Structure formats: structure tokens, C-alpha cells
Amino acid sequence: MADGTKDALSSNQMWGGRFASGPDAIMEEINASIGFDKKLYAQDIRGSIAHATMLAEKGIISSEDKDKIITGLNTIMSEIEQGSFQFSRKLEDIHMNIEAKLADIIGAAAGRLHTARSRNDQVALDFRLWVKEELAKTEKMLSDLIAAFLDRAEEHADTVMPGFTHLQTAQPVTFGHHCMAYVEMFGRDRARVRHAIDHLDESPIGAAALAGTPYPIDRHMTAKALGFREPTRNSIDTVSDRDFALEFLSVAAICAMHLSRLAEEIVIWSTPQFGFVRLSDAFSTGSSIMPQKKNPDAAELVRAKTGRINGSLVALLTVMKGLPLAYSKDMQEDKEQVFDAAENLELAIAAMTGMMRDMTIRTDRMRQAAGAGYSTATDLADWLVREVNLPFREAHHVTGRAVALAESKSCDLSELSLAELQEINPAITDGVFNVLSVDASVASRTSFGGTAPAEVRKQIAWWRARN
Ligand code: ARG
């Protein structure tokens, strides 16, 4: 131990100078974060190496001490990586576990590492570095997911399916177009991830406890060494800010919501009643009692993950909402929320990417459903506007009567005879039958962003150039 006095042994060796005894067992339990913040070991060591290097460069510690500190920290890094490092709850958190071990290895020089810093800026640094790396990982995973959708969209640019509003058949669309809707959603998620990275790209180290430090430190040097754009500009804000964690959780919550909508569609599409897709064996499970079943468990679990990710966001917002500036120990509760959300978002994105790539698209079922439910009624109304010059409202009414007639005869709009249609409006000609098919309907929607296969292919090319 760095300081072998009796008092320091019974109280905390890092801050126990003024304490006559150690903490109550419950105090130790509620106070310790090592159980979860040991995840930050690599960031903590990187931060300490950058800090010690800067301290030596500025003549605040000797270069011999700096060398000892760095050698010791590297030893600790490999011990943790090999699993031989003994974490101690008495030492509260990752910062003090590492510093105490450094003292064991190199002796008194270890005590110089904490010059001009505090655990408050240290934890802000470690956690920011961790979140930054996680965001970079998320960005990459979203790109893989988008790539899966682009491939399916390309393959199914001409595959017709019913488009829904209110989950009622609305108008025919293509499966490619539907896939591209998700590309837009995950593309926005990825843009939010990039924005969050840009936002957090400021180095907290050197803010010290809250007020800065009298030592002649160089925060630009540490910021650069740690890969940050620049140092933060207000030391009070620096140690009391967890916006970077909240932004990660907000981005994660919105992305999880998107994944959940997709999961819900997969659950619906894979029912025998819909039968639009068949999930691969790799992403479904069977029932122990009903041999015929194939359950979309992966999709259901992705849908459920949204609950805990939203929960993490609300939990941290609630932790932060009443805190006076600057640091309060409440903020220690930030990490588990972010770690849990990160782990589960990664799982959800990976599962979705696999499911999308693997599932069989049942084009026959989609085509059949696309034509049902009078899905081309709008095409009839549009034809009446274009060819008969009816005002749209009137065309809507005429079409409604045609739908009612078809319904009473249990047939499709395209199965009504010309004579029957002319009874509703004598100006109708047999040219109308050209627009009543689902393929014609889809092909006609060439407006920018519309469902026409040619337009969908243009949007796929636009995204390919950006993925
Ligand atoms: N374990 C603490 C946390 O996660 C580190 C910072 C402690 N700072 C302090 N002044 N007690 O927030």
C-alpha cells in the first residue's frame, strides 16, 4: 500500500486521512461501483497515461516518475486483460482500484499521478471515451443493417405487396419500397449517432474537481492525445454533465423504437394468416407442445428490448433532473443504464440484420394480398380525374359505388364488366382496365420517393453511394 499507516488501513487509503474508522458494511455496498465500472479499465488507463505524459511535459512531475507510472499502468492493463487482477470493493471504483495497484507496483511515484486531477474529471473522461467507442460501434452496425435492407430492396424492387394505413389495405406498394422506408429510419438513426459523436468530442480531463487547477497543465495536449477535438470550456459543466450519456440513450431509444416496429411487422408477416415471410430456422424457435409451430422469438425479443432501453433513458433523465451543479454521487448511477442499453441495442441490431438477410419473402402471398381489399380503388378515381375530367371528390364518390358493387358481387374491381361500370358512370371506357392491376398501380407512382420500381431503384442507388 502507498500509505501504510494504521488509520489509512482501516479507513480508505485514497481519501481516509481525516477518517478514524472505515465505512459501515452497508456504506461500502451502496458506495461501490467497481462491480460495473471495471468495464472502464482501458479508458481509465489510457486517460492516466495521457495525463501523466502531459504532467511530465509541463514539468509538474519528473520524467522518471512518469516512466514508472506508465510502465506500472501497462502492467495493470495486461493483468486485467489476462484476468489475474484482483478487484477490491473496499477501493470503491475502477479509478481507485487501479491507482492502489499502481502504488503496490511502483511505490511512492504512484501518488503523483493524481496531481491536477480529481475522480470527477477522471470518471467524466473514462465514460465519455467509452460512450464514444460504443457510438462508433453502433454506427458500423447500423451501416450493416442498412446494407441488408438495400440488398433485399434491390432483390424485391418489383415485388408487389399491400401497403397499409391503420393496418388496413391501402394501396399496392413494392416490398423494395417498404424496405427502403426502414433504410430511411436507420439512416436517420445513424445520422443521430454521428451527431452524438460530434457533440461529445471534447475532453473533460483537467477540469479537476470542478474549478480547474492551479498547476500549469495543458488541456489541449491531453485532448489531442486522447483523440478529442478540443478540451471542454467550462470546468463546472464538465464534471456535472452527462448529456453525452443521455444522447446515447436517446439515440438508442429512437433506434430501438424503429427496430421494434420492424419486429412487430415481422411477427405479423410470419403468421399463417399473412404468410408474407418465412423466417429461417436460425432465427426462430419451435414449441415444446405444438409440433407445427415456428415462433418469431428473435423478433419478439427485439420488440421487448425497447422497453428496457426506454427505461434506461428515463432512469438517467430522472437521476440527473434535480442535481445541483457540479458533481454529485447520484451520477454514479449513469453507467449501468448505458452499459445495459448498449449491450441490448447491439444484440437487437445484430438479430435484425440476421433476420432480414435470412428470411424468405413469399412473393406469391404478397401479390395475392396486394390485389385484395380493393387496393387499386384510388387508381380508378385517378383515372376518372385524368380521362373523364371529373373533380377528384366526384371521382372518389363514383369509385366508392364501384367498390360497393364489387363487394356485393364478392369480386375484384377488375372483375366488374364495362357495362356494370358504365351504369355507375357512362363516360367510363375499357381503358380503365389498364389501371386496375396492382403492377400498373405501382408502376404509375413515379413521383419522387414514390413506390414505382424505377423510382425505388433510384433511391437504392442514392443510399448505396452513402453507405
Ligand atoms: N465512482 C464514481 C462515479 O462513478 C467516480 C467519481 C467519484 N467522485 C467523487 N467525488 N466521489 O461517479
Side-chain angles (χ1 to χ4, degrees), residues 8 11-19 22-24 26-48 50-51 73 76 80 85 87-102 111 113-134 200 203-213 222 226 232 234-246 248-249 312 315-342:
S11 61
N12 186 293
Q13 63 175 298
M14 294 294 155
W15 44 250
R18 62 164 290 187
F19 287 76
D24 187 89
I26 290 295
M27 178 60 206
E28 190 180 298
E29 190 172 346
I30 196 172
N31 200 31
S33 53
I34 189 63
F36 48 87
D37 68 13
K38 59 177 155 208
K39 242 191 166 74
L40 300 176
Y41 75 89
Q43 291 77 10
D44 196 74
I45 291 173
R46 268 172 63 206
S48 289
H51 182 65
L73 288 170
I76 293 170
I80 296 178
F85 190 93
F87 291 102
S88 153
R89 200 174 72 175
K90 285 209 176 330
L91 290 163
E92 282 184 39
D93 56 26
I94 187 64
H95 324 295
M96 299 207 293
N97 267 268
I98 289 177
E99 203 187 316
K101 181 68 182 184
L102 187 64
L113 173 61
H114 214 52
T115 315
R117 81 171 181 187
S118 144
R119 272 189 297 156
N120 297 350
D121 59 342
Q122 196 178 351
V123 73
L125 170 68
D126 296 1
F127 199 28
R128 241 181 226 247
L129 284 171
W130 194 92
V131 171
K132 192 177 171 188
E133 284 165 34
E134 187 60 30
L200 68 59
S203 171
I205 193 75
L210 81 163
T213 172
T222 40
L226 292 164
T232 54
N234 181 295
S235 60
I236 299 175
D237 176 53
T238 302
V239 296
S240 68
D241 165 46
R242 288 296 180 272
D243 288 5
F244 60 93
L246 288 167
F248 170 76
L249 291 171
S312 292
L316 187 55
L317 282 170
T318 312
V319 165
M320 296 304 295
K321 75 167 258 304
L323 298 186
L325 308 188
Y327 177 85
S328 295
K329 196 63 171 264
D330 310 49
M331 290 159 72
Q332 178 164 285
E333 296 278 318
D334 54 2
K335 289 164 213 67
E336 284 167 292
Q337 303 302 337
V338 169
F339 293 157
D340 188 77

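This structure is a prediction, so every number in the text was calculated from the model and none was measured. Indexing begins at 1, ligand by ligand and atom by atom, following the structure's order. Computed over heavy atoms, backbone and side chain alike; hydrogens, waters and symmetry mates excluded.
- Other residues, nucleotides and ligands contribute more than 12 heavy atoms inside 6.0 Å of the CD atom of E28.
- A cation-pi arrangement is absent between K132 and F244 under the rule of less than 6.0 angstrom and at most 45 degrees off the ring axis.
- Remark: Y41 engages no residue in a ring pair (Phe, Tyr, Trp, His ring centres under 6.0 Å) (not counting sequence neighbours).
- Around CD1 of I30, the count of heavy atoms belonging to other residues, nucleotides or ligands within 6.0 Å does not exceed 12.
- Applying the 6.0 Å contact sphere to NZ of K329 captures more than 12 heavy atoms from other residues, nucleotides or ligands.
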Report each N/O pair between ligand 1 and the protein that falls under 3.5 Å, naming both atoms.
residue  : atom   : partner : partner atom : Å
ligand 1 : 1 (N)  : S33     : OG           : 3.2
ligand 1 : 1 (N)  : D93     : OD2          : 3.0
ligand 1 : 1 (N)  : Q332    : OE1          : 2.7
ligand 1 : 4 (O)  : K335    : NZ           : 2.6
ligand 1 : 8 (N)  : N120    : OD1          : 3.0
ligand 1 : 10 (N) : N120    : OD1          : 2.9
ligand 1 : 11 (N) : R119    : NH2          : 3.4
ligand 1 : 12 (O) : Y327    : OH           : 2.5

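- The distance from the CD atom of Q122 to the CG atom of D44 is 4.5 Å, given to the nearest 0.5 Å.
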